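Worth saying up front: this structure is predicted, and the values here are computed from it rather than measured. Just so we're on the same page: letters track the sequence lines, and every chain starts at 1.
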Protein chains: 2
Amino acid sequence: MKLSTRGRYGLKAMFDLAVHMGEGPVSLKSIAERQDISEHYLEQLIAGLRKAGLVKSVRGAQGGYVLGREPAKIRVGDVIRVLEGPIAPVDCVSEEDPECCAKAEHCVTRTIWEKVRDSISEVLDSITLEDMVKDAEKMDKERKYYMYYI
Amino acid sequence: MKLSTRGRYGLKAMFDLAVHMGEGPVSLKSIAERQDISEHYLEQLIAGLRKAGLVKSVRGAQGGYVLGREPAKIRVGDVIRVLEGPIAPVDCVSEEDPECCAKAEHCVTRTIWEKVRDSISEVLDSITLEDMVKDAEKMDKERKYYMYYI
DNA sequence: ACAAATCCCGAGTGTTTTGATAAGATTTGT
DNA sequence: ACAAATCTTATCAAAACACTCGGGATTTGT
């Protein structure tokens, strides 16, 4: 029941982009340095985010990435789903195309996993990047609020 | 964010034991057959459950396993924690000995993972084996309510 | 006493996932 | 033209996962 680094690093990067919103394109290199992530690895992760429209890329010198839409409209769940796949503790209750078995309707544990899935989704979909930035500002007014760890 | 087969199979087995409560020791072989799990693999899983006191073993011919205490006092969360480790989407919010980083107090995402952890725990700790047996009885009065899939 | 049933334990194995690295191609501002 | 970036593809080592196997130890029915 662990998140992989994909989701953790990806959310770090998205938060970093939200913090630097309005300052023009942010290079992968600067994100990787601030968040202490392998640049090449982050490249793979952000490719997925780009395809999903959560970030836009600007190629060439002074290029980089910007958020695909306002921070208030990007939920943590959106980011996690792109990087980790549909939220589900087991495949038979996957948010999209669940691999149901024949007896799914009579399966006691299935209902348990559904409840787990829904409670996770509810938490992740109730928080936006904007919320995160505001929380960070509250936590520490002085310091630049990079996340050192996820 | 997936459960491994350890948690799934283990809960299957515990449910099976709860269903057959009061019929004497249940052999691993019969559980493995009903739940369609590798017997040797299940052996490993149940070893952990035994050490945790969730099941008791009866050695020798006609031996097997029985629940360590009443089904009403065994929560799904108890079983999952034994087989999958402490509930936590990331290590820094682990239920026991979290590997905190220096900046944990200023980490925005940490609070998110805490909320996720708590919502999962709440679901898993609100359901007991007794609840599962009752649900199964409700779902299907006629058939023996084995779980065919988790 | 003996054999069958059953639990107990540790080691080995193939596959998949994870997390990263490397090399080169493409695009663009200066 | 050049340097700074992104983009694409390929490769790879380590860990986790899901078993599998072999051999003991213990108890019971006959």
Next on the checklist: Within this structure, what is the CG-CD1 distance for the pair L54(B) and I74(B), rounded to the nearest 0.5 Å?
Outcome noted: 5.5 Å
At less than 4.0 Å, is any side-chain N or O atom of [X] found next to OP1 or OP2 of [N]? Yes or no.
X	N	result
S4(A)	dG19(C)	yes
Y9(B)	dC17(D)	no
R8(B)	dA18(D)	no
T5(A)	dT18(C)	no
S27(B)	dC7(C)	no
R50(A)	dT8(D)	yes

Salt bridge check: are [X] and [Y] linked by an N-O gap of less than 4.0 Å?
X	Y	result
K134(A)	E137(A)	no
D91(B)	R8(A)	no
E95(B)	R81(B)	yes

What is the distance, rounded to the nearest whole Å, between atom [atom1] of [X] and atom [atom2] of [N]?
X	N	atom1	atom2	result
Q35(A)	dA20(C)	CD	C1'	18 Å
Q62(B)	dT26(D)	CD	C1'	13 Å
L45(B)	dC7(C)	CG	C1'	15 Å
K12(B)	dA18(D)	NZ	C1'	14 Å
L42(A)	dA20(C)	CG	C1'	12 Å
L49(B)	dC7(C)	CG	P	14 Å
L3(A)	dT17(C)	CG	C1'	14 Å
E39(A)	dC7(D)	CD	P	12 Å

Checklist entry - Looking at dC7(D), dG29(C), dC7(C), which one has an atom nearest to any side-chain atom of S57(A)? => result dC7(D)
Checklist entry - Considering only dT6(D), dC7(C), dA5(C), which nucleotide approaches the side chain of A61(B) most closely? => result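 Looking only at side-chain atoms, A61(B) lies closest to dA5(C).
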Next on the checklist: Testing the 3.5 Å rule here: is there a donor-acceptor pair between the side chains of D118(A) and S121(A)?
Outcome noted: no
Next on the checklist: Please classify the nucleic acid contact of L28(A) as base, sugar-phosphate, or nothing, using heavy-atom distances under 4.0 Å.
Outcome noted: sugar-phosphate
Checklist entry - Nearest nucleotide by nearest heavy atom, which residue falls closer to the 5' end of DNA chain D, I46(A) or Y41(B)? => result I46(A)
hbond_proxy [X] side chain to [N] base (donor-acceptor, 3.5 Å cutoff):
X	N	answer
Q44(A)	dT21(C)	yes
E43(B)	dC7(C)	no
R6(B)	dA18(D)	no
R59(A)	dT28(C)	no

Next on the checklist: Can a donor-acceptor pair be found, under 3.5 Å and without considering hydrogens, that links the side chain of S38(A) to the backbone of Y41(A)?
Outcome noted: yes
Checklist entry - Considering Watson-Crick and G-U wobble pairs with both distances under 3.5 Å, what does dG29(C) pair with? => result dC2(D)
